[in-house]
Amino acid sequence: MEKKQTYHEHTDIENTLRLRQVLATLPSFCRDYFRAIDATTTTKTRISYAYDIRIFFQFLLETNPSLKEKSMTDLTVQILDQVKAVDIEEYQEYLKVYQNRNADKLETNGELGLKRKISALRSFYAYYYKREMIETNPAVLVDVPKIHEKSIIRLDADEVALLLDHIEHCGDTLTGQKRVFWEKNKERDLAIVTLLLGTGIRVSECVGLDIEDVDFKNNGIKVTRKGGNEMVVYFGPEVEKALKNYLEVRENITPLSGHEHALFYSAQKKRIGVQAIENLVKKYAREITTTKKITPHKLRSTYGTALYQETGDIYLVADVLGHRDVNTTKKHYAALDDARRRQAATAVRLRED
């Protein structure tokens, strides 16, 4: 019997093939770096770094007159020694708005995009400098862009109830094809949103779920976390009910070949994608709140906030959300800690009135 290929295995294979295509457009010496980081990074990280480093070489070709007649694949490792810290500072400025030759479109980068691209370049330079293939490391002289922390956007308890009620009943007033479409997807959409709100799993983890990953005996789902680690996340009775209602509908769907194991199906009877879940969450959420841009990640924040407010246990929240470093969790929920500290000011009475 042929071994079942998981969603994450399939994605890794696709990313590996795509990485090879990108590497073919880069200078040949870059292959050493990507081979070296293979064991310590995911395929998703490597392909992101490959795109980022390709943009750096595009910048050099566009801005350095001595490279005007050269193509990217002509460049050798010696080019890295010709770059100064001021050039990398110019590159940071370039990254804010530039023309992507490969996609033929204008690209922009905010703080997060800039930080990732400079971090990729620093890692790239560090590899060749450590192996004494270059004599200078200008990337280490340039500060990584600072990220300004934003307050957590999340749904309040009443908005959570309104969102679930809206998904369940918004089609009651619809007619014709719109009503047929709503009835067809209602149980699936309700199950997805309830699962995201009730477990805090990432949208990529939700997409990757197979039917075999759901365990109603223990009310848990087996998810594959960032980095490939598997973990069982437990759910409550509301999630259980929503999943069971959806599974009754799912039994009547005949999926396309290769998608038989997927838990959630798209309208095309294939495994649902990240974009489809993002779209359905936005579609329903904008009917509930116009002041908050709600995405699947905001539903994750909603769960994390509720769990922390109920338990006060930051280590539990970090574990359930799959944060490898509890400091990541502390950073996100620091504002809630401040609110708890303010409560402490009036919790202890020194004298009775």
(message) Taking the ring centre of each residue, are Y125 and Y129 less than 6.0 Å apart?
(response) no
(request) On the 0 to 90° scale, with breaks at 30° and 60°, tag the Y91-Y94 ring pair as parallel, tilted or perpendicular. (result) parallel
(request) Could you list the residues that satisfy salt bridge (Lys or Arg N to Asp or Glu O under 4.0 Å) with R122, not counting sequence neighbours? (result) none
(message) Quiz question: by atom type and distance under 3.5 Å, do the side chains of T302 and T305 form a donor-acceptor pair?
(response) no
(request) Give a yes-or-no answer on whether the side chains of T329 and H323 include a donor-acceptor pair shorter than 3.5 Å. (result) yes
(message) I'd like to know if K292 pairs up with E159 as an ion pair, taking the criterion as any Lys NZ or Arg NE/NH1/NH2 lying under 4.0 Å from an Asp or Glu carboxylate oxygen.
(response) yes
(message) According to side chain to side chain contact (heavy atoms under 4.5 Å, CB included), who are the partners of V249, at least two apart in sequence or on a separate chain?
(response) E187
(message) Can you confirm whether more than 12 heavy atoms, excluding those of E238, are under 6.0 Å from its CD atom?
(response) no
(message) Check the orientation of H166 and Y284. Use parallel for under 30°, tilted for 30 to 60°, and perpendicular for over 60°.
(response) perpendicular
(request) Just do the salt bridge (Lys or Arg N to Asp or Glu O under 4.0 Å) check on R46 and D38 with the steps written out, would you? (result) CA-CA 8 Å; R46 290 196 293 282; D38 186 276; 3.5 Å; yes
(request) May I ask you to check whether over 12 heavy atoms, not counting those of R324, lie within 6.0 Å of atom CZ? (result) no
(request) Could you check whether the rings of Y246 and F264 sit parallel, tilted or perpendicular, using 30° and 60° as the cut-offs? (result) tilted
(message) For the OH atom of Y7 and the CG atom of L263, what is their distance to the nearest 0.5 Å?
(response) 13.5 Å
(message) Set out, in order, the CA-CA distance, both residues' side-chain angles and the distance that settles salt bridge (Lys or Arg N to Asp or Glu O under 4.0 Å) for E168 and K186, then state yes or no.
(response) CA-CA 7 Å; E168 210 164 7; K186 179 182 78 166; 6.0 Å; no
(request) Go through the steps for T43 and L19 under the test side chain to side chain contact (heavy atoms under 4.5 Å, CB included), then give the verdict. (result) CA-CA 8 Å; T43 54; L19 178 61; over 6 Å; no
(request) Give a yes or no on whether a salt bridge exists between R271 and D210, defined as a side-chain N under 4.0 angstrom from a carboxylate O. (result) yes
(request) Take the angle between the ring planes of Y49 and Y33 and call it parallel below 30°, perpendicular above 60°, tilted in between. (result) parallel
